[in-house]
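Presented below is the structure to which this report refers.
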There are 2 protein chains.
Amino acid sequence: MTSEYIAGSVNTNPVVVRRLLALLREAGFVTSQPGNGGGWELAVNPEKLTLEKVRQAVQEESPFSMHSRQPNQRCPVGKKIQGVLGPLYVRAEKAMEGELAKTTVQSLLSAVQVAEK
Amino acid sequence: MTSEYIAGSVNTNPVVVRRLLALLREAGFVTSQPGNGGGWELAVNPEKLTLEKVRQAVQEESPFSMHSRQPNQRCPVGKKIQGVLGPLYVRAEKAMEGELAKTTVQSLLSAVQVAEK
DNA sequence: CTTATTTGTAATAGTGTTGGTTACAGATGG
DNA sequence: CCATCTGTAACCAACACTATTACAAATAAG
């Protein structure tokens with residue numbers, strides 16, 4: 001499909017679509033073909049492509065992040081809080097990722113098709 | 001503690017602290033006292049206060065959200081995708097929340113104190 | 001009563017991120 | 001050679017978030 005076609009479906013601009021798909025291409029999930037008759041194509045088995053993989057490809061930063069400003073190191077809490085929070089963030093993140101890893105692009109497609117009937 | 005004291009620890013402006021604490025106060029987790037000798041105080045048992053409760057009080061919007069622009073309803077996928085994605089988002093969110101609910105403010109405090117030794 | 005202290009809140013400015021848009025070079029097939 | 005696509009840079013608008021200033025209102029202490 002072309003980026004313009006997809007943009008029409010998602011209701012946005014073709015360039016926005018290309019930018020996003022470029023990330024998925026870097027991850028090896030889709031391929032693109034310039035020129036006449038070109039466009040974008042899925043490059044992997046949709047049953048193997050989980051939403052977690054897609055998420056990782058599209059947004060590299062983790063959902064949780066530390067404060068932008070360094071806490072005061074002279075405060076007994078500020079001094080240690082990041083070391084305590086870090087592992088917790090990792091666990092919460094993993095829990096979310098585990099759930100997203102359960103769903104594949106294929107299962108999404110099937111769900112859409114069922115809903116369509 | 002006063003908002004100015006806390007701001008010194010978190011390395012930010014007192015007003016920022018007050019705005020955040022005001023959300024926690026609305027949730028009933030802390031109380032505030034204006035005037036001389038006033039400040040902020042924890043109002044609940046720190047063993048009962050989970051980070052998930054805090055998260056809910058501080059940021060009401062869910063981590064996942066639908067596209068800002070409505071997908072094209074004439075597209076067979078666009079027409080149904082939100083109904084398919086919705087429940088999935090709920091599951092991923094619940095998984096994350098479940099993890100955050102396992103940690104209490106008290107356990108954070110203990111962890112900080114242990115790390116301090 | 002006066003003064004110092006502290007919250008409550010509005011107003012404003014700066015900053016960064018995101019999405020949208022335009023523009024155009026380069027690739028490709030007919 | 002032309003129509004069609006991608007690739008990408010450049011730019012703007014919208015939005016959110018943080019920080020900051022300013023000041024009214026509450027409160028305790030003297």
Side-chain angles (χ1 to χ4, degrees), chain A residues 1-44 54-72 75 78 81-82 85 89 93, chain B residues 1-44 54-72 75 77-78 81-82 85 89:
Chain A
M1 310 176 72
T2 69
S3 63
E4 187 163 2
Y5 184 93
I6 299 174
S9 162
V10 193
N11 197 17
T12 184
N13 193 287
V15 175
V16 175
V17 172
R18 280 182 229 149
R19 280 202 282 244
L20 268 175
L21 285 180
L23 295 175
L24 295 182
R25 184 188 49 208
E26 285 171 24
F29 300 151
V30 299
T31 55
S32 64
Q33 187 61 236
N36 194 338
W40 300 82
E41 202 169 359
L42 189 60
V44 297
V54 173
R55 204 209 99 249
Q56 276 185 13
V58 164
Q59 55 165 88
E60 72 288 357
E61 356 82 49
S62 66
F64 296 94
S65 65
M66 292 296 172
H67 335 292
S68 54
R69 308 180 70 133
Q70 186 78 358
N72 189 338
C75 169
I81 189 63
Q82 297 194 333
L85 241 33
Y89 284 177
E93 218 171 296
Chain B
M1 308 177 74
T2 69
S3 62
E4 187 162 3
Y5 184 93
I6 299 175
S9 163
V10 194
N11 196 16
T12 184
N13 194 288
V15 175
V16 175
V17 172
R18 279 182 228 149
R19 280 202 283 247
L20 268 175
L21 285 179
L23 295 175
L24 295 182
R25 184 188 49 207
E26 285 170 25
F29 299 151
V30 300
T31 55
S32 65
Q33 188 62 236
N36 195 337
W40 300 82
E41 202 169 359
L42 189 59
V44 297
V54 173
R55 203 210 100 248
Q56 276 184 13
V58 164
Q59 55 164 80
E60 73 287 355
E61 356 80 51
S62 66
F64 297 94
S65 66
M66 291 296 172
H67 335 292
S68 54
R69 307 181 71 133
Q70 186 78 0
N72 189 338
C75 169
V77 174
I81 189 63
Q82 297 195 332
L85 241 33
Y89 285 177

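Proteins get letters first, then strands, A, B, ... in listed order; numbering begins at 1 in each.
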Quick one: is C:dT7 close enough that its OP1 or OP2 comes under 4.0 Å of any side-chain N or O from B:S32?
no

Got more than 12 heavy atoms from elsewhere within 6.0 Å of CD, B:E4?
no

For B:E41, does the CD atom have more than 12 heavy-atom neighbours from other residues, nucleotides or ligands under 6.0 Å away?
no

Distance check needed: [N] [atom2] versus [X] [atom1], whole Å only.
X	N	atom1	atom2	answer
B:W40	D:dT27	CH2	P	14 Å
A:L23	D:dG7	CG	P	12 Å
A:H67	D:dA19	NE2	P	12 Å
B:E41	C:dT7	CD	C1'	15 Å
A:R25	D:dT8	CZ	C1'	11 Å
B:E4	C:dT7	CD	P	8 Å
B:L21	D:dT18	CG	P	14 Å

Could you please spell out the steps behind the side-chain hydrogen bond (donor to acceptor under 3.5 Å, both in side chains) verdict for B:R69 and A:T12?
CA-CA 8 Å; B:R69 307 181 71 133; A:T12 184; 5.0 Å; no

For a quick test of reading the model, state the closest non-hydrogen atom pair linking B:I6 to B:L21 and the distance between them.
CD1-CD1, 3.9 Å

I'd like to know if the side chain of A:N72 reaches the main chain of B:G8, judged simply by a donor and an acceptor atom lying under 3.5 Å from each other, with no hydrogens or angles considered.
yes

Just how far is it from atom CE of A:M66 to atom CD1 of A:I81, taken to the nearest 0.5 Å?
8.0 Å

Please write out the pairs of protein N or O atoms and N or O atoms of nucleotides 18-27 of chain C separated by less than 3.5 Å, giving the distance to one decimal.
unit_1 : atom_1 : unit_2 : atom_2 : d
C:dG20 : OP1    : A:T12  : OG1    : 3.4
C:dG20 : OP1    : B:R69  : NE     : 3.4
C:dG20 : OP1    : B:R69  : NH1    : 2.9
C:dG20 : OP2    : A:T12  : OG1    : 2.5
C:dG20 : N7     : A:R19  : NH2    : 2.8
C:dG20 : O6     : A:R19  : NH2    : 3.4
C:dT21 : OP2    : A:N13  : ND2    : 3.4

